[in-house]
Amino acid sequence: MTNPETGYEKAHRQAEQIFREVFSARGMNVREGQIRLCHAMLDTLFGRDVALCDAGVGLGKTYAYLVACILWKLQKPHPMQRPVVISTASITLQNAILEEYIPFLSDALIQNGYIREPICAVLRKGKERFVCDVRLLIRQKQISARGKRFRKRATMLGEAKQCLDLDRLPNLPHYERRLICVPSHCGRSCIAHTDCRYRQYLKASNGPSVTIQVCNHNYLLADTAHRQNGWTPLLKDYQALVIDEAHKLPETVRQMNTRRICSAELLAYEKMLTAGHCGLSAQKLRAVTREFLAAFAPPETKAERAIPLKQTKVGTAALQHLDKAIGEILKQRPEAMPRGLRGKLSAVQQLIPLFLGTDSTFVRYLTWHRETGGIGVELCAVPFDLPKCLFSALWDEQKPAILTSRTLAAGEDFSHAEKRMGLDRGTPLRTLKVLSPFDYKKNCMLYFPESRRCKSEPEEERIARKEGTGVQEYIQQMPDGRTRIQREVEGGSVTIYFSEKDDEDTLEKVKSMIMDAYAERKHREGKPSNSGPQ
């Protein structure tokens with residue numbers, strides 16, 4: 001008598017069938033590395049661990065984690081099934097997951113009896129990326145009153161009436177986006193609350209049928225901040241996490257955890273006070289903002305855009321005066337101030353002691369940037385131990401997680417990625433590296449126009465080989481001192497570094513020659529070339 005098949009065994013068996021039979025019947029190649037990756041991801045999910053998966057370009061890691069998540073979810077009792085979150089760093093990948101990968105996978109699994117209903121996936125992002133119907137109507141009336149000169153703008157706003165997602169309207173000016181997006185404070189008192197398209201989107205995104213939530217790294221970290229502070233979560237409660245393009249996560253953590261006092265924001269608050277008929281308060285804030293700008297103005301001898309922040313008498317006095325002025329402004333009655341401004345000024349006031357003190361857990365620095373009317377100043381403070389912030393935000397809850405990218409390992413060593421991700425603090429961790437299936441030496445080409453080469457330099461000095469490392473490096477020195485580098489790595493990608501001065505014609509020639517070579521190779525192999533080079 002044989003033992004009954006467990007859910008773990010069934011999921012692994014179905015993974016083999018999907019990649020070897022279902023996908024291949026639809027014209028996809030069987031890639032052993034992709035199957036191996038999917039099995040490792042299933043082990044991670046069933047073991048409630050965290051996995052670092054370094055997957056080569058073209059391996060098919062997106063289908064690997066989608067299949068793993070769906071099969072793992074199917075083995076859970078229905079009451080225990082909750083969504084999976086997939087976080088990426090780019091809008092392009094988010095759109096591909098929602099519009100290409102998931103529809104293809106859903107159709108394949110339904111036709112072969114693995115699931116009965118289509119996979120329900122939703123895109124989650126900030127409210128400022130969606131259209132507010134009331135604000136759109138107001139703006140349309142303003143534009144229509146300006147006559148035929150604004151006919152093009154009126155057409156763009158008409159498209160927004162049919163499209164809730166502002167990212168689907170790339171031609172809409174940023175100024176118009178700000179005027180018609182969902183405001184930061186959107187309450188039940190709104191006259192369109194019951195028929196609001198954004199409210200309907202939120203309701204559907206939190207519905208019981210949602211299987212996958214797709215978001216970017218910033219939204220994921222904002223959701224964890226809401227949960228840590230006891231606020232309403234941004235994402236529906238989920239049971240597993242997939243982080244694609246994971247190499248960009250530490251930089252997102254740094255951005256999200258940096259505290260800033262920005263001169264541009266102070267000037268914006270002063271304008272809000274003026275518009276709200278708080279003239280005296282506006283004068284106070286304007287005066288201390290000018291003092292702030294003068295105290296932290298960039299020295300003429302400094303060429304850097306960012307330097308460590310040093311406490312000076314002038315700087316300390318400017319921050320103390322700013323603290324005092326904000327305190328006096330906040331003494332006003334709440335109804336006398338513009339809506340939402342009190343919280344913003346309070347947030348600035350709470351940051352001032354951070355830049356006046358000597359807290360060793362933060363790194364403080366000063367940055368400058370050009371803005372309308374002059375030079376803007378930012379005081380920045382970033383936690384010294386960012387991996388600790390990442391650990392407390394994501395890994396402390398001990399939910400299963402899969403982190404995947406092409407650049408997580410150096411050789412077979414994941415220690416650097418583990419340290420940057422905060423995964424070296426006792427988190428149950430699995431690692432796997434799978435090389436790309438593509439033969440880059442045969443399938444990739446880099447073209448340097450003869451007219452741009454340095455004729456006086458011998459060929460042997462332009463080509464440097466790194467023996468024993470599988471790396472071949474091509475170095476070309478340009479006549480004006482610029483350098484172009486191309487590296488070929490077995491199982492890795494080819495990277496081309498171009499100078500900012502490179503003209504567009506040269507770049508177009510490179511693209512054209514690569515596409516022509518790809519089409520010619522596909523023609524010889526008897527395959528269509530409409531998909532482009534991988």
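Nothing here was measured: the structure is a model prediction, and the numbers come from that model.
- Using a 4.0 Å cut-off between a side-chain N of Lys or Arg and a carboxylate O of Asp or Glu, Asp107 and Arg26 qualify as a salt bridge.
- Taking the side chain as every heavy atom from C-beta outward, Arg177 and Asp167 approach each other to under 4.5 Å.
- Two residues are said to be in side-chain contact when any heavy atoms from C-beta on lie closer than 4.5 Å; Val67 and Cys38 meet this criterion.
- Of the possible polar contacts, one joining the Glu9 side chain to the Thr6 backbone as a donor-acceptor pair under 3.5 Å is found.
- Between the CG atom of Leu249 and the CG atom of Asn218 there is a distance of 9.5 Å, given to the nearest 0.5 Å.
- Annotation: side chain of Tyr219 is not in contact with side chain of Leu123 (no heavy-atom distance under 4.5 Å).
- Using a 4.5 Å cut-off on side-chain heavy atoms (C-beta onward), Ile110 and Pro118 make contact.
- Of the possible polar contacts, one joining the Asp413 side chain to the Ser415 backbone as a donor-acceptor pair under 3.5 Å is found.
- Once rounded to the nearest 0.5 Å, the distance linking NZ of Lys248 with OG of Ser87 reads 12.0 Å.
- Residue Leu71 is tested with Leu109, Leu66, Ile18 for a side-chain contact (heavy atoms from CB on, under 4.5 Å); the sole match is Ile18.
- For the residue pair Tyr201 and Asp165, no side-chain donor N or O sits within less than 3.5 Å of a side-chain acceptor on the partner.
- Once rounded to the nearest 0.5 Å, the distance linking OG1 of Thr431 with CG of Leu408 reads 10.5 Å.
- Looking at every heavy atom in both residues, Val57 comes nearest to Pro437 through O-CD, 3.7 Å.
- Phe104 and Phe23 have their aromatic ring centers within a separation under 6.0 angstrom.
- Side-chain contact check for Thr211 versus Ile70: some heavy-atom pair is nearer than 4.5 Å.
- Checking Glu245 against Ser90 by side-chain atom types alone, a donor-acceptor pair falls below 3.5 Å.
- Ala11 and Gln75 get closest at one heavy-atom pair: CB-CG, 4.3 Å.
- You'll find the side chain of Lys61 stays beyond 4.5 Å of the side chain of Gln34, heavy atoms only.
- Closest non-hydrogen pair, Arg364 versus Ala381, comes out as CG-CB, 4.2 Å.
- What you find for Ile97 and Pro103 is that their closest heavy atoms are O-CD, 4.1 Å.
- Gln17 and Tyr114 form a side-chain donor-acceptor contact under 3.5 Å, judged by distance and modelled atom types alone.
- Side-chain N or O atoms of Arg259 include one that pairs as donor or acceptor with a backbone N or O of Asn257 at under 3.5 Å.
- No more than 12 heavy-atom neighbours from other residues, nucleotides or ligands sit within 6.0 angstrom of NZ on Lys419.
- In this structure, the separation between CH2 on Trp395 and CZ on Arg425 is 12.5 Å, given to the nearest 0.5 Å.
- By the 6.0 Å contact criterion, CD on Gln398 is open, its count of non-hydrogen atoms from other residues, nucleotides or ligands being 12 or less.
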> Stepwise, does the side chain to side chain contact (heavy atoms under 4.5 Å, CB included) test hold for Met421 with Phe391?
Replying inline: CA-CA 7 Å; Met421 303 287 184; Phe391 175 83; over 6 Å; no

> side chain to side chain contact (heavy atoms under 4.5 Å, CB included) between Lys236 and Ser205: does it pass, once the steps are laid out?
Replying inline: CA-CA 8 Å; Lys236 184 180 179 181; Ser205 298; over 6 Å; no

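- Partners of Asp49 by salt bridge (charged side-chain N to carboxylate O under 4.0 Å, His left out), not counting sequence neighbours, listed by chain and number: Arg430.
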> Run the side chain to side chain contact (heavy atoms under 4.5 Å, CB included) check on Gln14 and Leu42 step by step: do they pass?
Replying inline: CA-CA 11 Å; Gln14 290 178 335; Leu42 277 171; over 6 Å; no

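- Separating the OG atom in Ser209 from the CD1 atom in Ile119 is a distance of 12.5 Å, to the nearest 0.5 Å.
- Annotation: side chain of Tyr365 is not in contact with side chain of Leu379 (no heavy-atom distance under 4.5 Å).
- Checking side-chain atoms of Gln213 against main-chain N and O of Val122 turns up no donor-acceptor pair under 3.5 Å.
- Within 6.0 Å of atom NZ in Lys388, 12 or fewer heavy atoms from other residues, nucleotides or ligands are found, so the atom counts as exposed in its surroundings.
- In this model, no donor atom of one side chain and acceptor atom of the other lie less than 3.5 Å apart for His217 and Thr252.
- Within the cation-pi definition used here (under 6.0 Å to the ring centroid, within 45° of the axis), Lys433 does not qualify as a partner of Phe414.
- Side-chain atoms of Gln239 and Arg48 form no donor-acceptor pair, as typed in the model, at a separation below 3.5 Å.
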>> Checking Tyr63 against Tyr101 for the ring-ring contact (aromatic ring centres under 6.0 Å, His included) test, could you report, in this order, the C-alpha distance in whole Å, the side-chain angles of both residues, the deciding distance, and whether it holds?
In response: CA-CA 7 Å; Tyr63 279 125; Tyr101 291 101; 4.9 Å; yes

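- In this structure, Arg13 pairs ionically with Glu5, as a charged nitrogen and a carboxylate oxygen lie closer than 4.0 Å.
- Residues Ile243 and Leu394 form a side-chain contact, since some pair of their non-hydrogen atoms from C-beta on lies under 4.5 Å apart.
- Nearest heavy-atom pair, Leu235 versus Asp223, reported as atom, atom and distance to 0.1 Å: N-OD1, 2.8 Å.
- Considering every non-hydrogen atom in both Ala240 and Trp72, the closest pair reads CB-CZ3, 3.5 Å.
- Note that CG of Leu220 and CG of Leu234 are 10.0 Å apart. Values are rounded to the nearest 0.5 Å.
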